[in-house]
Amino acid sequence: MYEPNVVGDWQEYDEHAGLRVRVHRLEAAEPPRGRDDAAAGLTYFSLRVTVENRGSRSFGIHIEDGQIDVRLGPDGEAAFIDWRNSQFIEGFDVYPLRRATAVLYAAGPDTCLSQVDVQIQLRVEEEWTDRRLWTGGIGLHEEPVGAHPSPGRDGGLAHQVSNFLRDQAEEGTA
């Protein structure tokens with residue numbers, strides 16, 4: 001069964017030994033070159049996509065527009081992606097023990113930012129990898145171990161993802 005990653009998790013690619021990717025630093029942030037007029041009334045946020053090479057040979061990688069999809073809220077509506085302010089990875093050779101990071105600026109309604117899904121399809125050496133999904137949200141914080149779930153519907157997104165992964169692990173051992 002395919003399991004989504006939580007924002008911050010690394011995902012390794014079996015077909016490219018040593019190559020791994022993660023979506024991280026999902027946070028509210030204003031774009032460096034000013035807001036796009038099309039994002040009027042929306043709240044900006046940023047996220048980073050880092051590709052790391054832990055293998056023994058270099059990989060040519062691409063993360064460009066169209067390879068990142070950001071969805072917001074329980075209905076999975078598309079976020080506004082500010083391509084002008086975002087920084088992509090276009091044809092970069094990632095050598096062993098090196099990283100490359102893309103920075104994406106996007107915007108959406110404030111009420112939907114507690115649930116953000118990011119799907120990445122990395123291109124390595126002109127080959128497309130499988131799509132990978134990360135889930136997280138703006139304003140979500142991990143609770144200390146042993147803490148009671150927060151009040152609200154189902155304890156929030158982080159609690160739901162944690163329960164899903166735990167249930168899947170239990171089914172796998174049964």
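- For the side-chain hydrogen bond (donor to acceptor under 3.5 Å, both in side chains) condition, the pairs that include at least one residue of residues 29-42, sequence neighbours left out, are Glu30-Arg35.
- Atom CZ of Arg57 has more than 12 heavy atoms from other residues, nucleotides or ligands within 6.0 Å.
- The heavy-atom pair separating Leu72 from Pro109 by the smallest distance is CD1-CD, 4.2 Å.
- Contact between Asp82 and Ser86 at its shortest, heavy atoms only, is O-OG, 2.8 Å.
- Judged as a side chain to side chain donor-acceptor pair (under 3.5 Å), and not counting sequence neighbours, Ser58 has no contacts.
- Applying the ring pair (Phe, Tyr, Trp, His ring centres under 6.0 Å) test to every pair with at least one member in residues 76-96, sequence neighbours left out, gives these pairs: Trp83-Phe88.
- To the nearest 0.5 Å, the span separating CD1 on Ile89 from CG on Leu122 amounts to 8.0 Å.
- Distance check: His24 NE2 to Leu47 CG gives 9.0 Å after rounding to the nearest 0.5 Å.
- At least one side-chain heavy atom of Tyr13 sits less than 4.5 Å from a side-chain heavy atom of Val21.
- Taking the side chain as every heavy atom from C-beta outward, Val118 and Val7 never approach each other to under 4.5 Å.
- Residues Leu42 and Val116 fall into different hydrophobic clusters, defined by Ile, Leu, Val, Met, Phe, Trp and Tyr side chains chained together at heavy-atom separations under 4.5 Å.
- Applying the salt bridge (Lys or Arg N to Asp or Glu O under 4.0 Å) rule to Glu77 yields no partners; only residues at least two apart in sequence or on another chain are considered.
- Side-chain atoms of Asn53 never come within 3.5 Å of backbone atoms of Leu97 as a donor-acceptor pair (strictly under, hydrogens ignored).
- For the atom pair CG of Asn5 and CZ of Arg22, the computed distance is 12.0 Å after rounding to the nearest 0.5 Å.
- The shortest distance between side-chain heavy atoms of Arg54 and Pro96 does not fall below 4.5 Å.
- Every pair passing ring pair (Phe, Tyr, Trp, His ring centres under 6.0 Å) that includes a residue from residues 26-74 is listed here, sequence neighbours excluded: His16-Phe59.
- Considering only residues two or more places apart in sequence or on other chains, Glu52 meets the side chain to side chain donor-acceptor pair (under 3.5 Å) condition with Arg20, Arg99.
- How far OG1 of Thr43 is from CG of Leu113: 5.5 Å, rounded to the nearest 0.5 Å.
- Contact annotation: the side chain of Val23 approaches that of Ile120 to within less than 4.5 Å [non-hydrogen atoms, C-beta and beyond].
- Residues that satisfy the side chain to side chain donor-acceptor pair (under 3.5 Å) test with Asp110, not counting sequence neighbours, are absent from this structure.
- Across Leu26 and Gly137, no two heavy atoms sit closer than the pair CD2-N, 3.5 Å.
- Between the side chain of Glu125 and the backbone N or O of Gly60, at least one donor-acceptor pair lies under 3.5 Å.
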Can you give each donor-acceptor pair under 3.5 Å made by side-chain atoms of residues 101-108, sequence neighbours left out, with the distance rounded to 0.1 Å?
{"from": "Thr101", "atom 1": "OG1", "to": "Thr50", "atom 2": "OG1", "distance (Å)": "2.9"}

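- Partners of Glu12 by side chain to side chain donor-acceptor pair (under 3.5 Å), not counting sequence neighbours: none found.
- For residues 65-76, the salt bridge (charged side-chain N to carboxylate O under 4.0 Å, His left out) pairs, not counting sequence neighbours, are Asp69-Arg71.
- Gln115 has its side chain within reach of Pro74: a pair of non-hydrogen atoms, C-beta onward, lies under 4.5 Å apart.
- Looking only at distances, a side-chain donor or acceptor of Asp9 sits under 3.5 Å from a matching main-chain atom of Val6.
- Atom-to-atom distance recorded for Gln67:CD and Ile61:CD1 is 10.0 Å, nearest 0.5 angstrom.
- Arg131 contributes atom CZ, which lies 4.0 Å from atom CD of Gln121 (distance to the nearest 0.5 angstrom).
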